[in-house]
Number of protein chains: 2
Amino acid sequence: MTKPVEFFFDFISPYGWFAAERIGGIARAHARAVAWRPLLLGVTVKQAMGLPALLETPLKGPYVRHDAERCAKFYGLPWRPPTPMTFSSVAALRAVIWANAQEDVDVEALVLGLYRHAWAEGGEISTPDAVADVAASISIDRALIRVGIESSGVKEGLRKSVADAVDRGIFGSPFIVVDGEPFWGADRLPMVERWLEAAW
Amino acid sequence: MTKPVEFFFDFISPYGWFAAERIGGIARAHARAVAWRPLLLGVTVKQAMGLPALLETPLKGPYVRHDAERCAKFYGLPWRPPTPMTFSSVAALRAVIWANAQEDVDVEALVLGLYRHAWAEGGEISTPDAVADVAASISIDRALIRVGIESSGVKEGLRKSVADAVDRGIFGSPFIVVDGEPFWGADRLPMVERWLEAAW
């Protein structure tokens, strides 16, 4: 059995979305599964790296707002970002932790459903109720996920997911690990594909 | 006449090198010239953005050291970085300011000669003498460029080049501007090519 492609992401990152839309297909083309790994950029960027939030960084913040919209067009994705563009992604990431532990939930569909609701529809995903609504729209049991999001095991699972990532030197969204090899950024996907064909 | 493709770079940035190796060909394929614009990341990153140097940033620093070497292999370029990887690029950037003002100097050849000496040969380009040696090896008059590097007009030219870039919101290396449209990063070159074909 080959290892799954590990895909680290935060819903506040549109670049994470651009890559999330493609990583499943890339992995399947190489007979791999995707392991969806929630990451909190508020922890990795601010606490672990000591940096300001990307959108609040002088010069880089305004550039990124422009670039993200242009990238959406480049990748052929609709673009209607949330207002404001920063929001709490904790509930949505907890939903993914919950989904990872279920046997019959399509985690990829949940991740893409939440991402699209936030960035293609300008929708709300910052509360447990909003997240459960999106989940219900893709046939996940609303009551089950709603309880799951606020269970202590899931909360601890998210903390552990983020801490484990930082321990492994993982800091951004998207961040992809293939057989231990780290790739940061949606623009590294061509390199990820080449690596899946043959490491160099 | 179409505008030149503006290429902002710092010699301390290996990603600037990866893009410098390709931007000339991309521009020529679209009947454009390249305007080589020296940038000091020490000014843009530390002063204008208030960030630590990339290689000194927790988590990101170690990742970038690994990624840069992997990128060199991905792009088919030899990799023998300078020791240490951080050095003063002021003399080399001043040489480019000088070259931009000459009628008979191949600026692209100078930029690539300096970049390759530093990053493909582990060579020294941090002093005016070292820079003049590289220039002489590609048939630039050693005495002329040696004097040029330390002329007050060239020194002021570099200060102005960096200040003008920051005023325009430009902060990284490489940073490419096509008809006013900004692109940051070597991994944006496919997007630059598409933009040169047709803005979207």
Side-chain angles (χ1 to χ4, degrees), chain A residues 8 15 18 39 41 43-54 56-76 79 165-172 175-178 180-195 198-200, chain B residues 8 15 18 39 41 43-54 56-76 79 165-172 175-178 180-195 198-200:
Chain A
F8 296 81
Y15 299 105
F18 305 147
L39 201 64
L41 293 181
V43 173
T44 61
V45 173
K46 291 183 189 175
Q47 291 177 30
M49 303 167 80
L51 301 178
L54 187 57
E56 293 160 14
T57 305
L59 306 181
K60 205 183 273 191
Y63 172 80
V64 162
R65 284 173 194 271
H66 178 75
D67 181 63
E69 178 167 4
R70 179 179 58 196
C71 283
K73 290 181 192 163
F74 185 76
Y75 295 130
W79 179 253
V166 169
D167 283 346
R168 293 172 60 190
I170 290 158
F171 55 87
F175 201 107
I176 299 127
V177 180
V178 180
E181 184 72 11
F183 298 88
W184 171 43
D187 31 44
R188 283 287 174 280
L189 286 185
M191 226 176 259
V192 167
E193 290 191 84
R194 180 105 70 93
W195 197 269
W200 67 87
Chain B
F8 296 81
Y15 299 105
F18 304 147
L39 201 65
L41 293 181
V43 173
T44 61
V45 173
K46 291 182 189 174
Q47 292 177 30
M49 303 166 81
L51 301 178
L54 186 57
E56 293 160 15
T57 305
L59 306 181
K60 206 183 272 190
Y63 172 80
V64 162
R65 285 174 194 270
H66 177 74
D67 180 63
E69 177 167 4
R70 180 179 58 196
C71 282
K73 290 180 192 164
F74 185 75
Y75 295 130
W79 179 254
V166 170
D167 284 347
R168 292 171 61 190
I170 290 157
F171 54 86
F175 202 106
I176 299 127
V177 180
V178 180
E181 185 72 11
F183 298 89
W184 172 43
D187 31 45
R188 283 287 174 280
L189 285 185
M191 227 177 259
V192 167
E193 289 191 83
R194 179 105 69 95
W195 196 269
W200 67 85

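For the numbers below, each heavy atom of this structure counts, side chains included, while hydrogens, waters and symmetry mates do not. Numbered from 1 within each chain, the chains take letters A, B, ... in sequence-line order.
- When all heavy atoms are compared, the tightest approach of A/A48 to B/P58 is O-CB, 3.6 Å.
- Contacts of A/P182 with chain B are made by both backbone and side-chain atoms, with heavy-atom separations under 4.5 Å.
- Here CE of A/M191 is found 4.5 Å from CZ of B/F74. Values are rounded to the nearest 0.5 Å.
- In this structure the side chain of A/K60 reaches within 4.5 angstrom of the side chain of B/L51, judged on heavy atoms.
- A side-chain contact (heavy atoms from CB on, under 4.5 Å) with B/L59 holds for exactly one of A/I170, A/V45, A/V166; it is A/V166.
- By the neighbour-count criterion of 12 heavy atoms within 6.0 Å, atom CH2 of A/W184 is sparsely surrounded, having that number or fewer from other residues, nucleotides or ligands.
- For the side chain to side chain contact (heavy atoms under 4.5 Å, CB included) test, residues two or more places apart in sequence or in another chain that qualify with B/D67 are A/R188, B/Y15, B/Y63, B/R70, B/C71.
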